[in-house]
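Take a look at the structure set out below.
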Amino acid sequence: MSKILKKYQRLFLLVLLFNVTACNVHKDTEEIIFKNITSDNSSNKYSVLPQLDPNMIRTTFRANDLDLETPLRCNVNWKTQEMVQILPHNNVSFKLERNDIDNTLPDFEVRDFSFDNVSADQALLTLTKEAGITLVAKDAPYPMLYGNELNGSFKEVVEKISQSADLFYRFDAKTNSLILSRRASFTLYIPNSRTLMLGFLDVLRGAGITDMVTNWRDYSVTFEANLETKDKIVGLINDFENNPTMVMYDVSIFRAIAKEPCGIVWNDLLKDFDFGSIATAQTGVIGRMLTVTNDISIEHLKTFVSKYADIQDISEGRFVVPTQWFSRFDVGRCGKLDNMEYPLSVLAKAGIEKNNRILSEITLDTTEGEITKFKARNRLGENFLIIGLPSEIFGPAKQGTETIVFIVPRLVRMLKTDEKIKNKI
């Protein structure tokens, strides 16, 4: 009997060892994180959240690489540079629509409604409780407010309180609830022009809106925005109706890998090109921006640089800036993912002045923050050349390697027409 017991004991130990090993393997592949959640009665509850496995299957690289803007944004004809381009668009107005359900608020009259130093949701809670409406505050707490003897319709008072706290509200009649949030979903319908569409997409990105859905068939953009950004977009629409002029920037970014440690002798530009080809030279936090004439074209520039360095093209494309607005060009949208300069963005704010002069504020930044900034006033036919950017800013690079940015500004005037138009850019 003792031999049989020993045999079963050994078998039991083997099974136990197998189970322990299996558990250990499971723990290695899926770590467990405990997230602390405090309930209303201040007792601690814990929820178990599995950590994402870095080896999990994700969308393929080539699928993520698909970008509907590529044919419009990433092709620049450097041989034919029209300084002023007139583009027609259909004679319809812009339209900004909110996407959420928003039923009409009940018709109540509010009299002498006051509150002192309470949050916006608390003020509205008092108001809706009297009206028998449920209040839903999606992302409270909200700012503290003061109100004294507010009068008017229920809708007017709700709007005053919501706007004072920079909030959106909507009423769902089905659930009889008033829903508050800092952000809301909108769809912007744009007159049928690809250039105009690119301009508004660039403005939205310049405003920090990157998560949006673009429909190139009906020329619409769906996005989420806070109240401040929504008001800016409404202002942009109004400005454009009165002044349909934009500045388009053609951009080329390339890397110069120095043949000698001393790098590119930029002072030799004054020997290779006529005096006056460089109108201005200003120094930023990093790098210098030159204002140059068309004598220093992208082709002539690369010929000059190739005497001192090997050239690697990084990205080229275009972005559109409505007057007095910020727009951005993300270098990675028209370049390879493995480029060091992939996180680089070129931001611009443009103003059109008398005699076709353009006041430009050019900023270079990455996901890590701003790199450098310049402000320049140029005439049509003058371009910007940013030099002296060490490529080490973006990652490991050979000594003497520079990232060079060449920018050509030109005017785009939009013309309304009732005729059938053919898109071009």
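Only this structure's heavy atoms are used, side chains among them; waters, hydrogens and symmetry mates stay out. For the single chain, residues carry numbers from 1 onward in sequence order.
- For Phe171, there are no ring pair (Phe, Tyr, Trp, His ring centres under 6.0 Å) partners, not counting sequence neighbours.
- Test Glu341, Glu392, Arg255, Gln312 against Thr403 for side chain to side chain donor-acceptor pair (under 3.5 Å) and you get one pass: Glu341.
- Legend: residues meeting side chain to side chain contact (heavy atoms under 4.5 Å, CB included) with Leu125, ordered by chain and number and at least two apart, are Gln122, Thr128, Leu135.
- Look at Lys373 and Glu361 and you find no salt bridge, because none of the NZ, NE, NH1 or NH2 atoms lies under 4.0 Å from a carboxylate O.
- Remark: Phe319 engages Tyr249 in a ring pair (Phe, Tyr, Trp, His ring centres under 6.0 Å) (not counting sequence neighbours).
- With respect to Asp272 and Lys307, a salt bridge is recorded, a charged nitrogen being found less than 4.0 Å from a carboxylate O.
- Pro409 and Ile358 make their closest contact through CB-CD1, 4.2 Å (heavy atoms, listed as atom of the first residue, atom of the second, distance).
- Side chains of Thr401 and Ser391: a donor-acceptor N/O pair is absent below 3.5 angstrom, by distance only.
- Residues satisfying the ring pair (Phe, Tyr, Trp, His ring centres under 6.0 Å) test with Phe200, not counting sequence neighbours, are Phe94.
- Counting all heavy atoms, side chain and backbone alike, Tyr169 lies closest to Leu178 at CD1-CD1, 3.7 Å.
- In terms of the ring pair (Phe, Tyr, Trp, His ring centres under 6.0 Å) criterion, residue partners of Phe186 (sequence neighbours excluded) are, by chain and number, Phe168.
- Taking the side chain as every heavy atom from C-beta outward, Ile314 and Met340 never approach each other to under 4.5 Å.
- Annotation: disulfide bond (SG atoms under 2.5 Å apart) contacts involving residues 254-283, sequence neighbours excluded, are absent.
- Between Lys336 and Tyr342 the shortest heavy-atom distance is O-CD1, 3.5 Å.
- Take Ser114 and apply the side chain to side chain donor-acceptor pair (under 3.5 Å) test, not counting sequence neighbours, and it matches no residue.
- No more than 12 heavy atoms of other residues, nucleotides or ligands sit less than 6.0 Å from atom CZ of Arg379.
- Sorted by first then second residue, the salt bridge (Lys or Arg N to Asp or Glu O under 4.0 Å) pairs that include residues 156-174, not counting sequence neighbours, number zero.
- Here Glu228 does not pair with Lys230 in a salt bridge; the nearest charged N to carboxylate O distance is not below 4.0 Å.
- Pairs of residues two or more places apart, or lying in two chains, that qualify as salt bridge (Lys or Arg N to Asp or Glu O under 4.0 Å) and include a residue from residues 196-214 are Glu69-Arg205, Arg73-Asp202, Asp202-Arg205.
- Between the side chains of Thr229 and Asn226, a donor-acceptor pair is found at a separation under 3.5 Å.
- Scored by the salt bridge (charged side-chain N to carboxylate O under 4.0 Å, His left out) test, Asp231 finds no partners at all (sequence neighbours excluded).
- Taking all atoms of both residues into account, the shortest heavy-atom contact from Glu316 to Ser252 is CB-CA, 4.1 Å.
- Put simply, CD1 on Ile407 and CG on Asp250 are 10.5 Å apart, with the number rounded to the nearest 0.5 Å.
- Between Asp100 and Ala184, the shortest heavy-atom distance links the atoms OD2-CB, 4.0 Å.
- A donor-acceptor contact closer than 3.5 angstrom links the side chains of Thr187 and Asn99.
- Nearest heavy atom pair, residue Phe384 against residue Ala376, reads CE2-CB, 3.8 Å.
- Tyr308 meets the side chain to side chain donor-acceptor pair (under 3.5 Å) test with Asp268; sequence neighbours excluded.
- Applying the salt bridge (Lys or Arg N to Asp or Glu O under 4.0 Å) definition to pairs two or more places apart or across chains, those involving residues 283-304 are Lys302-Asp313.
- Using bins of under 30°, 30° to 60° and over 60° for the plane-to-plane angle, the ring pair Phe113/Phe115 lands in the tilted bin.
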